[in-house]
Amino acid sequence: FLGARQLELKVALERADEDYWSFSANTTEWCVSSFLEALESKPLLHLPVALALSKYAPWAVMQESMYKLKKLLPNSSLVHIDSSRTWWELENPADVVEELLELIRRVTSHS
C-alpha cells in the first residue's frame, strides 16, 4: 500500500508546474499568518492546551513554529507523539490515533 502511494506522489510531484510549487512555498506562511492574526486579535482563554507534534516533524516548518506558538499560549504544553512520522496517515494511523486519544484523556482529566 505505502509503496503504491509513494509512487503516485513521486509521479504527481514530477508533473507539478510552477503554480503548484509557488502555492506550496506560500501555504505555510499564509496559514501561520492567518492563525497569528486571529490569536493577536482575540483575548486568550487561559485553558490548558496540549500542542501535539510529531517526534520526527521537520524542524523549520513544524517544530520551530510549535515552540513559537507555545510561547504565545500561556497554559500550553508541547507533546511529542512518539509513533508519528511525517505522513502518519499512511504509515501507522492506528498507533498515532491511540496516542492522540491518550493525550486527550490526560488533558481533559486535568482541566
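A quick note: this is a predicted structure, and the numbers were derived from the prediction, not measured. Any value given below was found using the heavy atoms of this structure, including those in side chains, with hydrogens, waters and symmetry copies removed.
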- For D95, enumerate each residue passing the salt bridge (charged side-chain N to carboxylate O under 4.0 Å, His left out) test, keeping only those at least two apart in sequence or located in another chain. none
- Note on the structure: Value for CG (L73) from CE (M66), rounded to nearest 0.5 Å, stands at 9.5 Å
- Tell me, please, which residues at least two apart from E8 pass side-chain hydrogen bond (donor to acceptor under 3.5 Å, both in side chains). R5
- Note on the structure: Residue set satisfying salt bridge (charged side-chain N to carboxylate O under 4.0 Å, His left out) with K55, at least two apart, ordered chain then number -> D82
- Output all residues satisfying side-chain hydrogen bond (donor to acceptor under 3.5 Å, both in side chains) with Q63, sequence neighbours left out; order by chain, then residue number. none
- Item | Any side-chain heavy-atom pair of V96 and I81 under 4.5 Å | yes
- Query: What residues form a side chain to side chain contact (heavy atoms under 4.5 Å, CB included) with D17, not counting sequence neighbours?
  - Reply: D19, Y20
- Could you pull out all residues at least two apart from K68 that satisfy side chain to side chain contact (heavy atoms under 4.5 Å, CB included)? E64
- Item | Pairing residues for S77 by the side chain to side chain contact (heavy atoms under 4.5 Å, CB included) criterion, not counting sequence neighbours | A50, V79
- Ignoring hydrogens and geometry, is there a side-chain-to-backbone donor-acceptor pair from S109 to R105 under 3.5 Å? yes
- Partner residues of Y67 under the ring pair (Phe, Tyr, Trp, His ring centres under 6.0 Å) criterion, sequence neighbours left out: W59
- Query: What residues form a side-chain hydrogen bond (donor to acceptor under 3.5 Å, both in side chains) with E98, not counting sequence neighbours?
  - Reply: none
- Message: Do W21 and L9 land in one hydrophobic cluster if side-chain heavy atoms of ILVMFWY residues count as linked below 4.5 Å?
- Response: yes
- Item | Closest approach of M62 to A57 (non-hydrogen atoms, all atoms of both residues) | CB-CB, 3.7 Å
- Message: Within this structure, what is the NZ-OG distance for the pair K70 and S65, rounded to the nearest 0.5 Å?
- Response: 15.0 Å
- Item | Considering all heavy atoms, the nearest L51-L78 contact | O-CD1, 3.4 Å
- Item | Non-neighbouring partners of E14 that pass salt bridge (charged side-chain N to carboxylate O under 4.0 Å, His left out), sequence neighbours left out | K10
